[in-house]
J.: 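What follows is a single structure, and I will ask about it in a moment.
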2 protein chains.
Amino acid sequence: MDRDRPAAWRTYIEASQRLFTRLEDDLRAASGLSFADYHVLVLLSEVPGHRLRMGELADRLVFSPSRLTYQISTMQRRGLVARQPCPQDRRGSEAVLTAAGLLALREAAPHHLHSVRTHLMDDLDDAEVACLTRIFTRLGRRLREADGGDATLATMPGDD
Amino acid sequence: MDRDRPAAWRTYIEASQRLFTRLEDDLRAASGLSFADYHVLVLLSEVPGHRLRMGELADRLVFSPSRLTYQISTMQRRGLVARQPCPQDRRGSEAVLTAAGLLALREAAPHHLHSVRTHLMDDLDDAEVACLTRIFTRLGRRLREADGGDATLATMPGDD
DNA sequence: AGCACCTACTTAAAATTTGAACAACAATGT
DNA sequence: ACATTGTTGTTCAAATTTTAAGTAGGTGCT
């Protein structure tokens with residue numbers, strides 16, 4: 001079984017790549033939103049006040065700070081979000097969901113969810129969904145922890 | 001259970017993003033290769049003659065043609081691959097693995113595999129690996145079919 | 001207060017990716 | 001042979017992303 005693990009990894013990464021590409025194409029065609037746009041809107045819509053600090057948003061999106069700056073700037077130009085100075089900390093700013101942004105999300109969500117169902121979920125039985133959730137919940141938790149704490153790769157075994 | 005499926009999807013995509021970022025950082029630190037570089041080297045190393053047509057390589061990498069052109073150009077500059085005209089079809093060219101490229105791969109592989117084990121595989125039990133493989137093998141097959149024959153070929157039971 | 005050092009975000013320049021247009025060739029029909 | 005259409009890969013400009021500085025606030029120490 002141990003020899004199958006590299007194969008498992010490659011299967012996973014290639015199919016994921018294809019899936020992301022496909023879902024992004026669908027989303028863009030249906031709503032004009034990129035994947036990143038959509039995720040920003042979802043995250044903001046879920047949070048009280050519909051606003052998040054830039055840094056917090058970057059963490060959740062797994063984006064670099066400057067990438068988020070650019071991302072929010074373009075969304076701001078399109079009226080999907082606004083940028084406001086943070087009251088507590090005058091260094092910071094917050095991204096705030098606008099009415100137009102919320103509307104765009106409400107418009108796009110059903111298409112996107114349908115797309116996710118079609119391309120991924122409908123093909124999975126309940127046990128597989130459970131397994132997927134379990135694996136990636138655990139993985140996500142571990143990686144988030146590692147990002148904060150000691151992240152170094154353990155010593156290399158001299159295997160070849 | 002149906003309400004958990006969007007959550008499952010988001011868990012999966014966020015953890016995947018973190019994982020890819022992490023593995024790429026490790027790979028780059030250990031070998032100076034990007035994820036794309038590494039993947040190109042792996043694909044070429046596995047194929048007879050260590051050469052692939054540009055189009056074929058692009059398909060397997062899930063890259064656009066022009067992105068592959070750029071990717072191969074940079075690898076060519078670094079001596080990891082060479083570009084040769086295709087004998088059968090004078091329109092085409094092939095990417096060929098060089099000795100230096102093969103060496104770079106042999107050098108990088110153990111680090112990378114160790115990284116994959118550390119960040120993903122060691123955390124999964126056998127049942128989870130099996131589940132992961134099953135899900136993404138099926139998904140990959142379905143998406144490849146969808147990408148190719150839009151209407152007529154999609155429903156054909158392909159013999160591979 | 002004054003000063004060294006963080007932190008949060010932005011900006012600027014370089015690298016990468018995309019998308020449309022292109023050139024070279026192959027395949028097909030006349 | 002010759003025009004017609006489809007493939008294969010490249011090129012160029014524009015959009016996106018990364019990397020490296022820069023800016024403006026905060027924090028803590030004396």
Side-chain angles (χ1 to χ4, degrees), chain A residues 17-18 20-29 32-40 51-78 80-96 147-148, chain B residues 17-18 20-29 32-40 44 51-78 80-96 147-150 153:
Chain A
Q17 217 113 49
R18 263 179 224 284
F20 296 163
T21 306
R22 180 42 107 76
L23 290 173
E24 169 128 34
D25 288 350
D26 277 6
L27 182 60
R28 192 163 251 134
L33 297 173
S34 73
F35 215 65
D37 296 335
Y38 183 82
H39 273 246
V40 168
R51 65 186 56 234
L52 279 172
R53 285 290 291 268
M54 293 296 276
E56 178 61 25
L57 191 50
D59 281 349
R60 299 198 193 187
L61 288 165
V62 198
F63 270 27
S64 71
S66 64
R67 180 177 180 184
L68 183 62
T69 294
Y70 179 84
Q71 174 68 38
I72 293 298
S73 298
T74 71
M75 292 182 75
Q76 194 177 19
R77 272 199 292 283
R78 287 178 292 159
L80 299 172
V81 301
R83 217 192 291 247
Q84 289 180 3
C86 175
Q88 288 81 33
D89 183 344
R90 280 193 312 184
R91 289 171 302 181
S93 47
E94 310 180 308
V96 190
D147 278 349
Chain B
Q17 218 112 51
R18 264 181 223 283
F20 295 164
T21 305
R22 182 37 111 67
L23 290 173
E24 169 129 32
D25 289 350
D26 277 6
L27 182 60
R28 209 183 283 275
L33 296 173
S34 73
F35 215 68
D37 296 334
Y38 183 82
H39 206 169
V40 168
L44 290 179
R51 67 186 56 236
L52 278 173
R53 286 289 293 268
M54 294 297 276
E56 178 62 23
L57 191 50
D59 281 348
R60 299 198 194 188
L61 289 165
V62 198
F63 270 28
S64 70
S66 66
R67 180 177 179 185
L68 184 62
T69 293
Y70 180 85
Q71 174 68 39
I72 293 298
S73 298
T74 72
M75 293 182 74
Q76 194 176 19
R77 273 200 291 284
R78 287 178 291 158
L80 299 172
V81 301
R83 220 192 288 249
Q84 291 179 2
C86 176
Q88 287 81 33
D89 184 341
R90 280 191 312 183
R91 287 171 303 183
S93 47
E94 311 180 308
V96 189
D147 280 348
D150 215 348
L153 294 174

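Everything numeric here is computed off the predicted structure, so don't read it as measured data. By convention in this document, chain letters (A, B, ...) are assigned in the order of the sequence lines, proteins followed by strands, and residues within each chain are numbered from 1.
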J.: Tell me, yes or no, whether the heavy-atom count around R90(A) atom CZ, taken from other residues, nucleotides or ligands under 6.0 Å, exceeds 12.
T.: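 No, not enclosed.
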J.: Starting from P on dT10(C), measure out to CG on L68(A) and report it in whole angstrom.
T.: 8 Å
J.: Would you kindly give the CZ-to-P distance between R78(A) and dA15(D), to the nearest whole Å?
T.: 13 Å
J.: Please determine whether a side-chain nitrogen or oxygen atom of T69(B) lies at a distance below 4.0 Å from atom OP1 or OP2 of dG9(D).
T.: no
J.: Would you confirm whether the ring centroid of H39(A) sits within less than 6.0 angstrom of the ring centroid of F35(A)?
T.: yes
J.: Specify the separation, in whole Å, of atom CG of D37(B) and atom P of dT17(C).
T.: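 About 10 Å, once rounded to whole Å.
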J.: Is there a side-chain contact between T21(A) and R18(A) in this structure, where contact means two heavy atoms from C-beta onward sitting under 4.5 Å apart?
T.: no
J.: So which of residues 85-96 of chain A are in contact with DNA chain C, with a heavy-atom cut-off of under 4.0 Å?
T.: R91(A), G92(A), S93(A)
J.: Could you grab the distance from atom CD of Q84(A) to atom CD of E94(A), nearest 0.5 Å is fine?
T.: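 Interatomic distance, Q84(A) CD to E94(A) CD, rounded to 0.5 Å: 6.5 Å.
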J.: Could you check if a side-chain atom of V40(A) sits within less than 4.5 angstrom of a side-chain atom of L80(A), using non-hydrogen atoms only?
T.: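 They are not in side-chain contact.
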J.: Just the rounded figure in Å: distance from P of dT7(C) to CG of D59(A).
T.: 14 Å
J.: For each nucleotide in nucleotides 16-23 of chain D, reading 5' to 3', give B when a protein heavy atom comes within less than 4.0 Å of its base, S when such contact involves only the sugar-phosphate, and - otherwise.
T.: SBBB----
J.: What I want to check is whether the side chains of R53(B) and S93(B) have a donor and an acceptor closer together than 3.5 Å.
T.: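 No, no side-chain donor-acceptor contact under 3.5 Å.
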J.: State whether Y70(B) and R67(B) meet the cation-pi test: NZ (Lys) or CZ (Arg) under 6.0 Å from the six-membered ring centroid, and within 45° of the perpendicular axis.
T.: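 No, R67(B) and Y70(B) do not form such a contact.
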J.: To the nearest Å, how far apart are F35(B) CZ and dT16(C) C1'?
T.: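 Computing the F35(B):CZ to dT16(C):C1' distance gives 17 Å.
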J.: How close do M54(B) and T69(B) get, counting heavy atoms only, and between which atoms?
T.: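 Heavy atoms of M54(B) and T69(B) come nearest at CE-CA, 4.1 Å.
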J.: Could you tell me the separation between the CG atom of L61(B) and the C1' atom of dT17(C), rounded to a whole number of Å?
T.: 14 Å
J.: So which atom in L27(A) and which in S34(A) form the shortest heavy-atom distance, rounded to 0.1 Å?
T.: CD2-O, 3.6 Å
J.: On the nucleotide dC9(C), are OP1 or OP2 found under 4.0 Å from the side-chain N or O atoms that R53(A) carries?
T.: yes
J.: Rounded to whole angstrom units, what separation is found between the CD1 atom of I72(B) and the P atom of dT16(C)?
T.: 14 Å
